[in-house]
> 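Got a structure for you, written out below as structure tokens; questions coming shortly.
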There are 2 protein chains.
Amino acid sequence: MALQKTLYVGPFIHCRTLTTLDVCTSAVIGVGEDGKIAFVERDVDSSQSPVKQGWEDAKVVRINGSGWFFPGFIDTHIHASQYPNAGIFGKSTLLDWLNTYTFPLESSFTDLKKASRIYKRIVSRTLSHGTTTACYFATIHVPATNLLADICHNKGQRAFVGRVCMDSHLSPDFYRDESPAVSRDNAKACIDHVRSIDPTFDLVSPIITPRFAPSCSAEALDLLGDLHNEMGVPVQTHLCENHPEIALVKELFPGSKHYTDVYDNAGLLSSKTILAHCVHLSAEERDLIKLRNAKISHCPASNAALTSGCAPVKEMLREGMTIGLGTDVSGGYTPSILAECREALFTSRYLCISNEGGGIVNGKTKKTDEIKLSVEEALFMATRGGAKVVGLEDKIGGFEVGMDWDAQLIRLDHVSDGEDETLVNGDVNGGEEATFAEDVGMVDVFGHESWDDRVNKWVYGGDDRNTKAVWVKGRLVHRRQGVSV
Amino acid sequence: MALQKTLYVGPFIHCRTLTTLDVCTSAVIGVGEDGKIAFVERDVDSSQSPVKQGWEDAKVVRINGSGWFFPGFIDTHIHASQYPNAGIFGKSTLLDWLNTYTFPLESSFTDLKKASRIYKRIVSRTLSHGTTTACYFATIHVPATNLLADICHNKGQRAFVGRVCMDSHLSPDFYRDESPAVSRDNAKACIDHVRSIDPTFDLVSPIITPRFAPSCSAEALDLLGDLHNEMGVPVQTHLCENHPEIALVKELFPGSKHYTDVYDNAGLLSSKTILAHCVHLSAEERDLIKLRNAKISHCPASNAALTSGCAPVKEMLREGMTIGLGTDVSGGYTPSILAECREALFTSRYLCISNEGGGIVNGKTKKTDEIKLSVEEALFMATRGGAKVVGLEDKIGGFEVGMDWDAQLIRLDHVSDGEDETLVNGDVNGGEEATFAEDVGMVDVFGHESWDDRVNKWVYGGDDRNTKAVWVKGRLVHRRQGVSV
């Protein structure tokens with residue numbers, strides 16, 4: 001279905017660098033029938049109608065009020081199958097959490113009706129949170145994994161869909177591949193399916209997904225490494241999430257120098273590899289990851305929930321590692337990358353607290369800045385960082401000519417000056433019924449806020465209600481009720 | 001205005017003890033014309049109409065679907081005047097945050113139109129988050145503080161409203177009381193105003209509010225201590241929030257044994273004193289607080305945001321200290337106590353991470369449980385704990401006969417089995433427009449969840465959209481659009 005040429009008129013914001021935003025308060029972005037950005041005109045007079053030769057018949061999407069276009073979010077690590085457990089983890093930590101909550105749920109995805117219900121919901125949900133690209137772990141089941149790919153393709157979400165491979169060690173009897181060959185063959189079957197629906201992997205791509213070393217045999221890892229190198233399909237897995245896991249890998253793979261080395265030995269560590277967590281990497285492991293140019297998915301909500309630890313993200317960024325954000329549902333409680341930005345900001349602050357006793361003792365403020373993330377850095381990881389993690393930094397994550405229009409329309413609610421409040425509680429004295437106007441988000445803009453302030457309010461107080469519309473490759477894939485675009 | 005006798009029919013949940021919930025899946029709670037709970041009938045047959053002698057004409061509020069009644073939340077520490085800055089704090093820490101963000105905003109509350117706009121909004125917001133009782137810091141301005149009390153009274157929120165007293169040291173020239181006597185007299189003026197609108201302080205109560213030791217002279221503290229002891233009006237202030245603040249107090253009050261002693265010397269430490277933060281109390285200070293039976297407001301979001309530290313809450317609870325939750329807007333980014341529960345849970349997990357390297361090294365799981373808060377404990381602090389902090393544990397925080405009906409109706413969204421999803425994204429292939437059904441919260445219930453699971457999902461994924469209606473003293477004070485009660 002062809003797209004209509006569209007002019008997006010209004011403010012836009014994207015990340016200029018890791019530490020700075022580019023706020024353009026009045027712009028026109030032209031998106032062609034191919035869903036790509038044809039031109040970006042800055043500092044336009046918004047009172048004039050945006051006329052450009054060849055674009056007279058274009059559709060116009062104009063932002064009125066307190067809003068802006070922002071690049072779509074990239075979730076570099078999310079278990080679609082675990083979504084029904086979001087928020088349910090008690091006081092567990094990684095290894096008992098897997099056995100108590102995760103494996104029983106995942107093993108039930110032999111039921112395709114159940115899989116359909118859950119996968120449709122999580123894809124709708126992530127889109128509603130502005131996630132235009134997601135790296136999904138499915139389950140070990142080929143039919144259900146293929147269904148997830150179909151759903152992403154139908155709903156128009158850019159996705160990497162991985163069948164989980166797990167054949168030994170920690171894998172329970174009721175939920176594991178029968179052999180290393182089955183791990184490889186079933187991974188291949190899912191790659192073939194995705195090729196049948198999206199031959200160039202333009203929207204949906206397969207991704208080779210060994211769960212993690214503690215649930216894979218060395219043989220399975222080797223076979224998957226071969227597949228990776230033969231087919232060029234990317235890889236995703238977990239690495240150095242918590243201490244007992246790391247100890248277990250040391251025990252299971254005594255011939256490897258360290259956890260990262262297990263993947264490297266199998267040929268699974270390349271520039272197309274996404275490593276989730278990386279909370280406790282040694283210096284040697286970091287060097288190897290940098291040497292291979294592998295990528296990192298930082299999952300702070302999950303790492304806090306399961307008390308895995310605080311990944312030293314600023315330090316890793318400073319070393320030049322490539323890092324995106326991952327919600328890690330359902331180790332993480334939320335499918336929102338915006339919420340994950342907050343969690344990343346707070347994780348860096350907790351690291352600051354534990355390293356520095358509050359970060360400001362004895363005037364050591366320089367060190368504090370070396371630990372504490374800024375809102376800009378969090379948003380960078382959520383967009384351009386994530387784009388690099390999935391190898392699409394030339395296509396998504398920002399608004400440059402030639403890139404795809406993967407975007408969200410953000411709007412914050414403006415508090416009225418007068419009595420016609422959008423937020424109405426009961427006038428109990430008058431006896432009137434109390435009501436709450438529809439779809440007002442939690443962020444209140446009073447009018448004094450700078451652009452930076454608005455972005456900060458959005459990051460700390462915003463939610464899916466502020467994401468009014470979402471596009472992938474120029475196509476509208478989500479819109480909140482009552483929003484016309 | 002008289003209330004109608006009402007029967008609340010459906011499940012209810014409240015805290016039985018610090019660590020256990022009382023989940024009653026089918027009940028009738030009768031609330032009389034005085035807004036008090038007249039009876040609680042458990043395990044009723046919900047298919048039958050609830051008939052009880054004398055209640056035949058009562059109104060019936062019935063929960064259909066996946067919901068329950070829950071006690072209203074108690075926010076034991078919130079700066080109403082700082083609400084426009086929620087989410088705006090950059091990388092600041094307490095003392096520079098005050099000068100950069102807080103004092104300039106607070107000092108503008110000479111403008112009553114501005115004050116009205118902000119105060120109306122924050123009271124509406126806190127009600128919409130299920131906060132039935134709030135302990136507010138206003139500003140130093142008597143008229144604006146009185147206006148806040150009026151607004152709480154009008155909107156029907158139970159509130160403690162405090163005029164901020166600050167006359168020296170850290171108080172900037174443009175924003176301070178002229179003298180200790182003015183601090184006292186203006187505090188008194190606000191007490192008198194509240195008495196004029198609510199003679200028995202039944203709904204709205206004044207509260208004596210020295211900002212904190214670093215902005216008060218010893219003389220002002222003494223005068224406020226006298227006022228407290230003469231009038232029996234409660235006290236709220238800040239204590240031991242971050243290290244530089246504590247060092248400053250040591251310098252400013254060399255005659256005091258410690259920070260807590262400064263308040264005690266002034267006669268400000270009693271069973272009616274609410275101490276916000278208490279992140280870094282010494283053992284001696286804890287003993288003094290316990291001796292005086294003073295209360296603590298734990299503000300984890302703020303303590304993380306400003307890298308103040310992680311209050312050792314479990315330890316303090318174990319010692320028998322009385323602790324509630326405070327949003328501390330705008331050190332805290334959110335006016336939601338539900339969000340504050342999450343922050344408290346995560347703060348305890350970070351404490352666990354920093355103390356134990358993930359909490360599970362060398363099998364030290366017992367120690368972990370001594371640090372990690374449970375969802376039940378967080379909800380206890382949000383309700384019964386907060387009730388004790390404000391001295392109203394016999395009136396609010398749970399559903400017992402004789403207590404006031406301060407309650408919220410919680411409902412979670414149920415994911416449909418079929419195609420009629422409440423959450424609809426674009427069918428991009430069919431070219432249909434994408435929509436998002438109104439007011440669906442973020443929590444998805446799939447149907448397999450136990451009651452405990454639902455509560456966990458609510459705490460981790462819920463927001464104001466799940467708080468469908470709110471009552472204070474039996475009166476409906478908030479209702480979301482489309483909800484009929």
Side-chain angles (χ1 to χ4, degrees), chain A residues 1 84 86-88 91 93 117 121 124 127-128 154-156 242-244 304 307-310 333-334 346 349-350 352-354 357-361 372 374 415 417 423 425-426 428-429 431 433-439 442 444 446 453 456-457 460-461 463-464 475-481, chain B residues 1 84 86-88 91 93 117 121 124 127-128 154-156 242-244 304 307-310 333-334 346 349-350 352-354 357-361 372 374 415 417 423 425-426 428-429 431 433-439 442 444 446 453 456-457 460-461 463-464 475-481:
Chain A
M1 198 180 64
I88 304 175
K91 288 186 176 179
T93 55
R117 184 167 172 241
R121 191 71 173 185
S124 287
L127 285 173
S128 76
N154 276 332
K155 288 187 181 277
N242 88 358
H243 290 302
T307 49
S308 301
C310 296
Y333 62 89
T334 172
F346 271 32
R349 279 165 171 73
Y350 281 112
C352 199
I353 287 169
S354 77
I360 39 164
V361 181
K372 221 182 262 190
S374 65
V415 180
D417 281 321
L423 187 65
N425 303 108
V428 294
N429 293 318
E433 284 208 319
T435 62
F436 188 104
E438 47 83 36
D439 222 28
M442 291 199 293
D444 283 324
F446 285 86
D453 289 345
N456 277 267
K457 283 196 163 190
Y460 281 107
D463 62 29
D464 53 322
R475 203 178 289 272
L476 181 68
V477 293
H478 174 71
R479 175 176 72 80
R480 289 191 76 80
Q481 198 172 51
Chain B
M1 200 177 66
I88 305 175
K91 289 186 177 179
T93 54
R117 184 168 171 240
R121 191 69 172 188
S124 288
L127 284 173
S128 76
N154 275 332
K155 288 187 182 278
N242 89 358
H243 289 302
T307 51
S308 300
C310 297
Y333 62 88
T334 174
F346 272 32
R349 279 164 170 73
Y350 281 111
C352 197
I353 288 168
S354 77
I360 41 166
V361 181
K372 223 182 260 191
S374 65
V415 180
D417 281 322
L423 188 65
N425 301 110
V428 294
N429 293 320
E433 285 208 319
T435 61
F436 189 103
E438 49 81 38
D439 222 28
M442 292 199 293
D444 283 324
F446 285 85
D453 289 345
N456 276 266
K457 282 195 164 191
Y460 281 107
D463 61 27
D464 53 322
R475 204 177 289 273
L476 181 69
V477 293
H478 174 71
R479 176 176 72 80
R480 289 191 75 80
Q481 199 171 51

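Quick caveat: nothing in here was measured; it's all calculated off a predicted structure. Quick note on labels: first sequence line is chain A, next is B, and so on, each numbered from 1.
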> Nearest 0.5 Å, what's the CE-CG distance between B:M442 and B:D463?
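B:M442 CE to B:D463 CG: 4.5 Å, rounded to 0.5 Å.
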> For B:T334, which atoms come within 4.5 Å of any heavy atom of chain A: side chain, backbone, both, or neither?
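Neither part.
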> Given 3.5 Å as the limit, does a donor-acceptor pair link the side chain of B:K155 with the main chain of B:H478, or not?
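No: the side chain of B:K155 does not pair with the backbone of B:H478.
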> Sort B:A86 into side chain, backbone, both or neither according to what part of it lies under 4.5 angstrom from a heavy atom of chain A.
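Backbone only.
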> Between B:R117 (side chain only) and A:V415 (backbone N and O only), is there a donor and an acceptor less than 3.5 Å apart?
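Yes; at least one donor-acceptor contact below 3.5 Å.
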> What is the distance from atom NZ of B:K372 to atom CD1 of B:I353, rounded to the nearest 0.5 Å?
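Output value for this atom pair is 8.5 Å.
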> Out of B:S374, B:C310, B:G87, which one racks up the most heavy-atom pairs below 4.5 Å with chain A?
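Of B:S374, B:C310, B:G87, B:G87 has the most heavy-atom pairs under 4.5 Å with chain A.
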> Among A:Y333, A:F346, A:F446, which has the most heavy-atom pairs under 4.5 Å with chain B?
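Most pairs with chain B among the choices: A:F446.
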